[in-house]
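Data block below; observations after.
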Amino acid sequence: MTEATKPSNFIREIILEHNRTGRFGGKVVTRFPPEPNGYLHIGHAKAISIDFGIATEFGGRCHLRFDDTNPTKESQEYVDAIMGDIRWLGFDWGEHLHHASDYFEQLYQWAEQLVRSGKAYVDDLSGEEIREYRGTLTEPGRPSPYRDRAVEENLDLFRRMRAGEFDDGTRTLRAKIDMASPNINLRDPVMYRIRKATHQRTGDAWCIYPMYDWAHGESDSIEGVTHSMCSLEYEDHRPLYDWYLDALGIFHPQQIEFARLNLSHTVLSKRSLLELVEQGHVTGWDDPRMPTLAGLRRRGYTAEAIRDFCERIGVTKAANLVELAYLEHCLREDLNRRAPRRLAVLRPLRLVVENYPEGQVEEFEAINNPEDPAAGTRKVPFSRALYIEQDDFRDPAPPKYFRLSPGAEVRLRYAYIVKCTGVTRDAAGAVTEVRCTYDPDSRGGDSRGRKVKGTIHWVSAAHALDAEVRLYDTLFTVPKPDDAEHWASVLNPHSLETLRGAKVERALAGAAPGSHVQFERTGYFCVDARDSAPGHLVFNRAVGLRDTWAKIESKG
RNA sequence: UGGGGCGUGGCCAAGCGGCAAGGCGCGGGACUUUGGAUCCCGUAUUCGGAGGUUCGAAUCCUCCCGCCCCAACCA
């Protein structure tokens with residue numbers, strides 16, 4: 001998309017205005033600040049696209065900064081996963097990998113500065129008491145009895161907090177702002193709490209840790225961030241963000257808030273995602289049903305499709321719930337252009353071509369990608385015994401059904417036109433084999449002017465490879481699982497269907513883990529990067545093809 | 001009942017006083033050796049509501065209604 005056709009958004013307008021007035025001297029520095037306490041999900045992809053996208057667009061840079069201020073919830077596993085996911089998405093922070101923990105000493109010195117200027121004090125209230133004193137949404141809070149301690153006493157106590165003289169939870173450092181503020185964030189927010197925990201980066205160097213509000217703006221300032229984009233729930237925090245910066249008199253970035261992404265049929269809160277993993281509803285953070293980048297990648301989503309999606313949904317401050325169909329559309333559009341086509345039968349039904357010589361094999365040339373001539377062609381073997389999709393045979397045929405049924409003609413893609421001559425059923429009446437005859441004159445599938453509406457895919461029984469195919473559906477049965485009493489009640493029991501008897505064409509033999517392919521007439525699949533092996537092919541369905549027949553059939 | 005935001009078609013979203021972009025979805029058609037792709041056509045006399053200002057309002061003013069967020073020593 002070019003500059004000219006890119007739709008405007010309010011963030012670009014704010015920056016354009018800053019550039020016009022010279023507020024930041026034309027500089028644009030942004031940052032993506034994940035807390036390493038979980039995996040990145042599609043919602044983060046939106047934030048990443050905005051943070052890195054805006055920086056690139058305005059010739060600036062974007063930092064990656066881990067907001068690691070809470071050692072009890074963070075870990076190196078998450079740090080590594082987050083960096084891998086951002087790189088995979090296609091973004092680069094260059095030399096600018098930072099951590100809030102890099103600034104712990106500076107933050108501490110600044111805190112002492114606020115204590116000395118009478119803008120912060122040590123409070124002995126317990127967590128519960130602090131909550132009581134804070135008041136409610138409609139009633140003002142009351143000052144802590146420790147609020148007016150002398151500067152020297154505060155300084156002494158704060159230093160001893162750092163020195164480890166006090167137990168967890170016994171004291172905090174608080175900013176002295178306004179206990180009656182209608183904005184609860186300004187009612188003497190906690191700046192430091194005591195946590196005798198080992199931090200994944202600073203080890204045991206600290207036992208007091210800064211709160212988000214006290215670390216974020218200051219970190220932005222240290223790094224020279226000009227535009228600090230975050231989600232709407234931080235809007236109420238902006239006055240505090242500004243207050244700290246002004247109290248310190250340091251470089252003052254602009255915080256800008258936008259609406260976070262909500263996607264239908266899934267949950268995006270870290271708490272819910274963690275529960276799905278820990279309670280075993282999914283196999284892990286990278287389960288293909290998860291909205292995490294790791295899950296989407298394994299499912300078969302491409303970075304390009306996700307970036308395109310983030311670009312297309314736009315940026316506003318209005319609450320939103322984007323339909324999953326939109327994300328799926330972006331994937332199909334990308335894979336339609338790039339994924340090689342293959343023939344694969346998911347639920348095999350034996351088809352015998354009665355008049356085709358036993359033991360004869362011929363090869364037909366198949367197009368790898370009609371959207372990309374450069375992708376070339378391949379040979380697919382044909383013989384007397386084939387497998388076709390169970391869905392491609394019906395007896396009797398419903399109205400407008402163009403596939404195989406007794407007496408009907410259909411084209412076997414790239415091969416011949418065949419006519420169904422009969423079926424074999426088991427004792428229970430289920431079809432076990434379909435028989436047909438082929439027309440030798442239709443070699444290659446040429447209909448010679450005849451009308452053959454249906455074309456179905458097939459695979460030669462003797463040449464086919466066995467494969468496991470995993471069909472995924474949404475994790476939840478409703479568009480807004482967060483509206484349910486608990487999302488567990490709307491979990492989709494059929495979110496995964498494993499097909500172990502699939503038959504795929506031999507060209508798929510060496511399919512590389514993580515590679516994408518379109519199974520003709522079925523959907524886009526991805527070779528499972530974790531479970532697929534040379535002798536045991538495993539394909540994940542990323543998204544199905546648009547299915548017009550399913551639509552016709554469901555309408556009756 | 002306090003504070004901060006937001007309300008444009010089923011979903012996302014342009015629009016910034018001159019007479020409702022676009023995408024997704026949906027419906028119809030063309031084409032088709034993927035019922036895929038592609039291509040056409042259709043889909044808001046109206047912008048949460050009511051007043052007002054103006055020659056003219058989704059855009060300005062007033063009031064009302066609805067929705068979201070905030071009372072962790074989480075981020």
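Convention: sequence-line order gives letters A, B, ...; per-chain numbering from 1. Since the structure is predicted, the reported quantities are computational estimates derived from the model, not experimental observations.
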Practice problem: Both distances under 3.5 Å, Watson-Crick or G-U wobble: report the partner of rA30(B), or none. | Solution: rU38(B)
Exercise. Can you check each nucleotide of nucleotides 23-28 of chain B against protein heavy atoms at under 4.0 Å and return B for base, S for sugar-phosphate only, - for none, in 5' to 3' order?
Key: BSSSSS
Self-check item: rG35(B) base stacked by Trp549(A) (centroids within less than 5.5 Å, tilt under 30°)
Solution: yes
Exercise. List in chain and number order the residues that pass side chain to side chain contact (heavy atoms under 4.5 Å, CB included) with Leu321(A), two or more places apart in sequence or in another chain; answer none if no residue qualifies.
Key: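 Leu321(A) satisfies side chain to side chain contact (heavy atoms under 4.5 Å, CB included) with Asn262(A), Ser264(A), Lys480(A) once adjacent residues are dropped.
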Quiz item: How would you list, by chain and number, every residue that makes a ring pair (Phe, Tyr, Trp, His ring centres under 6.0 Å) with Tyr146(A), sequence neighbours excluded?
Solution: none
Practice problem: Please name all residues satisfying ring pair (Phe, Tyr, Trp, His ring centres under 6.0 Å) with Tyr133(A), sequence neighbours left out, ordered by chain then number. | Solution: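 Testing Tyr133(A) for ring pair (Phe, Tyr, Trp, His ring centres under 6.0 Å), a comparison that skips the adjacent residues, returns none.
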Which part of the nucleic acid, if any, lies within reach of [X] when heavy atoms closer than 4.0 Å are counted: base, sugar-phosphate only, or nothing?
| X | value |
| --- | --- |
| His237(A) | base |
| Phe66(A) | nothing |
| Asp446(A) | base |

Self-check item: Neighbours of RNA chain B within residues 119-136 of chain A, by heavy-atom distance under 4.0 Å
Solution: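 Contacting residues: Leu125(A), Ser126(A), Gly127(A), Ile130(A), Arg131(A), Arg134(A), Gly135(A), Thr136(A).
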Practice problem: Check each residue of residues 181-190 of chain A for a non-hydrogen atom within less than 4.0 Å of any atom in RNA chain B, then write out the ones that pass by number, or none. | Solution: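 RNA chain B contact set from residues 181-190 of chain A: Pro182(A), Ile184(A), Val190(A).
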Quiz item: Considering only heavy atoms and no angle criterion, is a donor-acceptor pair shorter than 3.5 Å present between the side chain of Gln518(A) and the base of rU34(B)?
Solution: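 It does, because a donor-acceptor pair links the side chain of Gln518(A) to the base of rU34(B) below 3.5 Å.
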Practice problem: Determine if the base of rA50(B) is syn or anti; take syn to mean the glycosidic torsion is within 90° of 0. | Solution: anti
Exercise. Measure from CD1 on Ile11(A) to C1' on rA14(B) and round the result to the nearest Å.
Key: 16 Å
Self-check item: Selection from rG2(B), rA13(B), rG35(B) that lies nearest to any side-chain heavy atom of Thr548(A)
Solution: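 So the side chain of Thr548(A) is nearest to rG35(B).
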